[in-house]
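Computed over heavy atoms, backbone and side chain alike; hydrogens, waters and symmetry mates excluded. Note that the structure is predicted; figures quoted are calculated from it, not measured.
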Amino acid sequence: MRRLALVIVIVLLVAGTSLLIPAVRGRVRAIIRPEPPAQITPIALSVPASPPTSRPRPTPTGTPLSATSTPTAELPPPTAGQSATSTPDLPTPTPTLEPTIEPTPEPTPEPTAGPVEVNGRVYDAYIPAANKPGQFFQYSCEFDAAWVILKTYGIEASGDEIINAIDHDRSVEPYIKETREGYLIYGGDIEHAYSGDYTHNFLARSTGTAMQKVFDRYGLDSQLVQDRAALEAALRAGELVWIKTTVDFKPWRPATWVMPDGRTHKTVLGNDHAVVVMGFNANSVVIRDVLGPTSTNRQRPYEYEVGWDTFMAAWGAQSFDGLAVAPPVQE
């Protein structure tokens, strides 16, 4: 019995001494308290490269454009001069945006009379529009949409040149106030100029009447369009249409823009956007949107279709603000 006890003691002494050896100690520790596995690095999603100055515009929670979901976007924090306000939940959206295959842009589109087939889809009118991956600046969508039209018509213009072609009202940096009547955005005269810092203020924006100065600068004729009939007529005549809408044609928070002299303009609060309409048929409208994939919506294509009901509702939230821009006159 004493011999058995002696053997047990010797075994325990040997085991204890072995723990002083690093390799053995490591194996024992791994059994008692397993080491955490190596950190897993997600594979980066591949999206089109953006120009060095491009910074995608933040948008509501992204959704594949062939599906419907409820956005959960929150209002960005106020910038200097803004009031922090509480915001209501967005309503459940119903739009379905269908991506289309992007054709090769033509420098000067010809008017399209009658049905036009593009990649198996038939449109009453379709104008191949130029594209670039991403916006010039975080909130420069009005200027990016203008670039699409200029480039399609064979006019080369940089972002800075387009931005400088319009007046900028710097009398007040746009800010929000929440009232019993709804959201009020106090800013500059957006009917005649651009208002706000397009590099960081999500409230910065302009309207079609002000943007006409950009197209005037390059010798292009532009006319306001504010209903479906005028929009269709412009596209049939080979004219691209610049419009104000909401990002991804999602639901919006209504807001009223208040200009320095008290004039007001019906608009949206947090998802203001500008795109180019390039075609249509009886069911949908074809959109060129250079915003493209972002961290909040990696599935957003540069060209997609929007049903007429969804399109008209989002356009109406922006006062049916649109500009039909005619191609340059051929000599």
Residue of the set T267, T246, T207 for which side-chain hydrogen bond (donor to acceptor under 3.5 Å, both in side chains) holds with Q318
T267
Side chain proximity check, P327 to E239, heavy atoms < 4.5 angstrom:
yes
Heavy-atom side-chain contact between I166 and R217 under 4.5 Å:
no
So which atom in D124 and which in A282 form the shortest heavy-atom distance, rounded to 0.1 Å?
OD1-N, 3.8 Å
Looking at residues at least two apart in the chain, or sitting in another chain, which of them share a ring pair (Phe, Tyr, Trp, His ring centres under 6.0 Å) with Y218?
none
Is there side-chain contact between T209 and L224, with heavy atoms separated by less than 4.5 Å?
yes
Does a side-chain heavy-atom distance below 4.5 Å link R253 with V268?
no
Consider only side-chain N and O atoms of D160 and S158, and report whether a donor and an acceptor are under 3.5 Å apart.
no
What are the two closest heavy atoms between V172 and G187, and how far apart are they?
CG1-C, 3.3 Å
Salt-bridge contact E117-R121 (side-chain N to carboxylate O under 4.0 Å):
no
Could you label the plane-to-plane angle of the W308 and F280 rings as parallel, tilted or perpendicular, counting under 30° as parallel and over 60° as perpendicular?
perpendicular
So, do Y153 and F215 sit near enough that their side-chain heavy atoms are less than 4.5 Å apart?
no
Kindly state whether the ring of Y198 and the ring of Y139 have centres lying under 6.0 angstrom apart.
no
Can you measure from NZ (K244) to SG (C141) and round to the nearest 0.5 angstrom?
6.0 Å
Identify whether NZ of Lys or CZ of Arg in K177 sits under 6.0 Å from the centre of the six-membered ring of Y186 and within 45° of that ring's axis.
yes
Establish whether V122 and V286 are linked, either directly or via other cluster members, by ILVMFWY side-chain heavy-atom contacts under 4.5 Å.
no
Just wondering, are more than 12 heavy atoms of other shown residues or ligands nearer than 6.0 Å to CG in D216?
yes
With no hydrogens and no angle check, do the side chains of N201 and E173 hold a donor and an acceptor under 3.5 Å apart?
yes
Minimum side-chain heavy-atom gap N131-R288 below 4.5 Å
yes
Under 3.5 Å side-chain donor-acceptor pair for D289 and Y302:
no
Under 6.0 Å from the six-membered ring centre of W147 and within 45° of its axis: does the NZ or CZ of K132 meet both?
yes
Checking side-chain polar atoms at under 3.5 Å, does D197 have a donor or acceptor matched by the opposite partner on T199?
yes
Any salt bridge linking E142 with R205? Criterion: basic side-chain nitrogen under 4.0 Å from a carboxylate oxygen.
no
Measure up the W315 and F320 rings against each other and bin them: parallel (under 30°), tilted (30 to 60°), perpendicular (over 60°).
perpendicular
Side-chain H-bond candidate by donor/acceptor type, Q223 with D221, under 3.5 Å:
yes
Where L269 and A255 come nearest, the two heavy atoms and their spacing:
N-CB, 4.0 Å
What's the separation between atom OG in S206 and atom NE2 in H265, rounded to the nearest 0.5 Å?
9.0 Å
